[in-house]
Amino acid sequence: MFDIQKGLENLRKHIKVAPEKPGVYRMIDAGGTVLYVGKAKNIKKRIVAYSHLNKLPRRLQQMVAQIERMEFIVVENEARALLVENELIKRYSPRYNILLKDDKTFPHLMINMEAEFPRLSKYRGTRKDKNKYFGPFASVAAVNEALDILQKVFLLRSCRDNVFKNRQRPCLMYQIKRCSAPCVGKISAADYKELVKKAIDFLEGKNTEIQKELSEQMEEASRRQDFETALVLRDRIRALSTIQARQNVEYSKLMSADVIGIAEEKGLFGIEIFFIRSGQNCGNAVYFPSQTEGAGSKEVLEAFLGEFYNNHEPGKEIIVGEEPENTDFWQQALKTKVICPKSGNKYKLAQFAEQNARDAIRRKMALEASVKTNLEAFRERFGLAHMPKRIEVYDNSHNQGSYAIGAMIVATPDGFDKKNYRTFNIKYTDNTHDDFAMMREVLRRRFDKMTPENKPDVILLDGGRGQLNAVYEALKDYDLTDIAIIGISKGPDRNAGKEFYHMKDKESFELEYRSPLAFYLQNLRDEAHRFAIGTHRKKRAKSMYKSSLDEIEGIGSRRKADLLRHFGSARDVAEADVADLQKVEGISKKTAEKIYNYFHN
């Protein structure tokens, strides 16, 4: 039991020596574990608040009771404090910090401005160069849709640089009127730059001017009886109109804004964020912060702002339905405007985001209730000691022993935990024709790296009694206490829903046909199979392209290196024609024909 008076006494000792400057503070227990990491414009003033126990939620009262010592880091400004706080939270994952599981990057559209003929493409990652970026888009589907329309309207190239440099005739994109073919001189550099400028103007919200200009050009082409050009311009205008028709009046005056709504039901917080760029909704994402017991919505919102914008660039405005405690701090730290509107369109948007957050919470709770019902039925039907919190499902995939891999997926009461999926390249070639041997190798390698934190409650295997016995034999030197190992084999005529389940020292059995539990376990097995097959195919495809040049007679290591240096990849070598191949130093016409024939036989 913790002594709250002793913890309070330790806190007050540190208040006396705390700096009155911006920075980050750490609260540490007697065992050296970091309990909490916080930031402040004035460290001393901030930690004084923890001494008023009657104003703290129970969660933070428990934290104060455990304080043994504190550490301080003084920084130059609020932005630096925010950065250091996030670095320390990620390093220590403190028990009393509200945590956001956010390792997702959002896609953007990018125009590479340093190229003579800039390319329009999708992009994920850090923005450090002079290129133009537009977004974020909340999903790949959203960015693909935008890219499709922009190609129709502005005819910018989307091909990679090495393909662009080596083309001798226009590609399919030119034929279907989605590229102006600068690669073969179908458009001048000056005219292409004008298209780039118009695309940037459009992405920055100036699309009405562009539509007017295109309409004038279409009318002029019609007067000249250049009907082919007029039809192309008409299609470009229609594509622009499609975008404008989707614009919501509430978004139309917002050039760059993130709209954030927060809601709470039964102790679960949900945060919905909408990305508005150039008057268009670029999609939304929902987050469910963890370790929020006893926290209020303002505290959860501030934790979200700090962690989310450590990895993502904010819009020019952040519109929130709940005003943070210290708006000035956030505006200085994030270098953007943070507003909590009380009326008007922005208020409606904030309310809309909040309602979406509430709906997302309800969906999550309904889904979790369904999963927990299945897990409880699983526990009862299979005689488990407790409801499983971590289920690992294993499957193998190979092609007559080639490109053999083992795959592991993880399921929890929250659903599939894709961050903990793993693949195992089968190291011992003698095992690749024996499914039992492959599974033994995979399980041994998995158990060699098992820790108390990632110990499974259940292991599901795609296989019958023989596979089960092989696994127990492979794992006889490991501690299998509290781990249930279950084999799943196909039913009669491989009928889904009539699988047999196998456990050690028990008779094999079936589940009730089409029962919720049967569907749940089928879903787990199918996800493992999907993951294994997908990984195997990627490995096979990569291996094919990697080794293809080695198999061409007369192509040694030097010529292979020259080809890869010129084209960038084996895939591009395979797509090149004879004339393109001859441009590589040391590749004669005869050799080029040999390479071309190899890939096109």
Side-chain angles (χ1 to χ4, degrees), residues 83 86 100-161 163-164 173 178-179 192-193 195-207 210 239-240 242-244 246-248 251-252 254-260 271-287 304-305 307-319 334-337 349 353:
L83 186 64
N86 273 284
L100 181 69
K101 295 179 181 179
D102 177 31
D103 54 359
K104 177 169 65 176
T105 59
F106 294 105
H108 287 68
L109 284 172
M110 181 187 81
I111 299 178
N112 60 333
M113 301 303 295
E114 295 179 340
E116 181 183 4
F117 293 97
R119 173 192 178 201
L120 175 67
S121 62
K122 291 178 290 187
Y123 179 81
R124 284 183 192 264
T126 308
R127 301 189 288 177
K128 295 180 178 179
D129 48 32
K130 297 177 182 179
N131 296 337
K132 287 276 189 180
Y133 298 90
F134 305 94
F137 293 84
S139 67
V140 173
V143 77
N144 282 340
E145 186 177 14
L147 183 63
D148 182 59
I149 292 173
L150 288 165
Q151 285 174 339
K152 291 177 183 176
V153 176
F154 300 107
L155 310 179
L156 301 186
R157 73 178 182 94
S158 57
C159 56
R160 297 188 302 274
D161 288 345
V163 174
F164 176 79
M173 295 299 283
R178 293 196 182 186
C179 180
Y192 190 86
K193 284 181 180 177
L195 289 179
V196 171
K197 179 181 180 300
K198 287 177 181 176
I200 293 170
D201 286 345
F202 169 77
L203 289 165
E204 292 177 347
K206 303 171 185 175
N207 47 354
I210 295 166
L240 274 178
T242 301
I243 294 175
Q244 290 172 340
R246 294 176 187 170
Q247 287 184 337
N248 191 311
Y251 308 149
S252 60
L254 291 176
M255 289 298 100
S256 176
D258 297 341
V259 184
I260 300 174
I271 296 176
E272 192 94 20
I273 178 167
F274 285 80
F275 304 110
I276 312 297
R277 299 294 185 269
S278 302
Q280 298 173 51
N281 184 348
C282 293
N284 57 299
V286 64
Y287 295 90
F304 172 81
L305 292 175
E307 292 190 60
F308 184 81
Y309 287 115
N310 183 53
N311 299 322
H312 307 291
E313 187 171 333
K316 292 180 181 177
E317 285 183 329
I318 297 176
I319 300 169
L334 301 177
K335 297 181 175 65
T336 193
K337 188 187 293 184
L349 287 172

*For K198, which residues count as a side chain to side chain donor-acceptor pair (under 3.5 Å) partner, sequence neighbours excluded?*
E213
_A side-chain contact here means heavy atoms from C-beta on lying under 4.5 Å apart; do V259 and F275 qualify?_
no
*Should F274 and N281 count as side-chain neighbours, where that means a heavy-atom distance under 4.5 Å?*
yes
*Quick one: side chain to side chain contact (heavy atoms under 4.5 Å, CB included) partners of N144, sequence neighbours excluded?*
K122, V140
*Taking salt bridge (Lys or Arg N to Asp or Glu O under 4.0 Å) as the test, write out the residues that go with R124, two or more places apart.*
none
*Roughly how far apart are S158 OG and L147 CG, rounded to 0.5 Å?*
6.5 Å
*side chain to side chain donor-acceptor pair (under 3.5 Å) partners for K193, two or more places apart*: none
_Can you give me the closest heavy-atom contact between A142 and C282, atom names plus distance?_
CB-O, 4.2 Å
*Taking side chain to side chain contact (heavy atoms under 4.5 Å, CB included) as the test, write out the residues that go with I260, two or more places apart.*
I271, I273, L301, F304, L305, Y309, I318, V320
*Is any side-chain heavy atom of K132 closer than 4.5 Å to a side-chain heavy atom of M110?*
no
*Is the centre of the H312 ring less than 6.0 Å from the centre of the F106 ring?*
yes
*Output all residues satisfying side chain to side chain contact (heavy atoms under 4.5 Å, CB included) with A115, sequence neighbours left out; order by chain, then residue number.*
N112, R157
*asked:* For a 4.5 angstrom cut-off between non-hydrogen side-chain atoms, does R119 reach R160?
replied: yes
*Residues forming a side chain to side chain donor-acceptor pair (under 3.5 Å) with N310, sequence neighbours excluded*: none
*Between the side chain of T336 and the main-chain N/O of P314, is any donor-acceptor distance below 3.5 Å?*
no
*Under the side chain to side chain donor-acceptor pair (under 3.5 Å) test, residues paired with R178 that sit two or more places apart*: D148
*Where do A138 and G283 come nearest, in terms of heavy atoms and distance?*
CB-C, 3.4 Å
*From F137 CZ over to Y123 OH, what is the distance, rounded to the nearest 0.5 angstrom?*
15.5 Å
*Hey, could you give me each pair passing salt bridge (Lys or Arg N to Asp or Glu O under 4.0 Å) that has a residue in residues 271-282? Not counting sequence neighbours.*
D258-R277
*Can the ring centres of F308 and Y287 be said to be less than 6.0 Å apart?*
yes
*Steps toward side-chain contact (heavy atoms from CB on, under 4.5 Å) verdict (L203, L150)*: CA-CA 9 Å; L203 289 165; L150 288 165; 3.9 Å; yes
*When the ring planes of F117 and Y192 are compared, do they come out parallel, tilted or perpendicular, using 30° and 60° as the limits?*
perpendicular
*asked:* Measuring from atom OG of S139 to atom CD of E145, what distance do you get when rounded to the nearest 0.5 angstrom?
replied: 9.0 Å
*Got a second to check how far L155's CG is from M173's CE, nearest 0.5 Å?*
9.5 Å
*Side chains of L156 and Q151 in contact at under 4.5 Å (non-hydrogen atoms)*: no
*asked:* Within this structure, what is the CE-NZ distance for the pair M255 and K316, rounded to the nearest 0.5 Å?
replied: 9.0 Å
*Please list, chain by chain and in numerical order, all residues satisfying salt bridge (Lys or Arg N to Asp or Glu O under 4.0 Å) with K197, sequence neighbours excluded.*
D201
*asked:* If I take atom CG from residue N131 and atom CG from residue L109, how far apart are they, to the nearest 0.5 angstrom?
replied: 12.5 Å
*Would you check if Y133 and I111 make a side-chain contact, meaning some heavy-atom pair closer than 4.5 Å?*
no
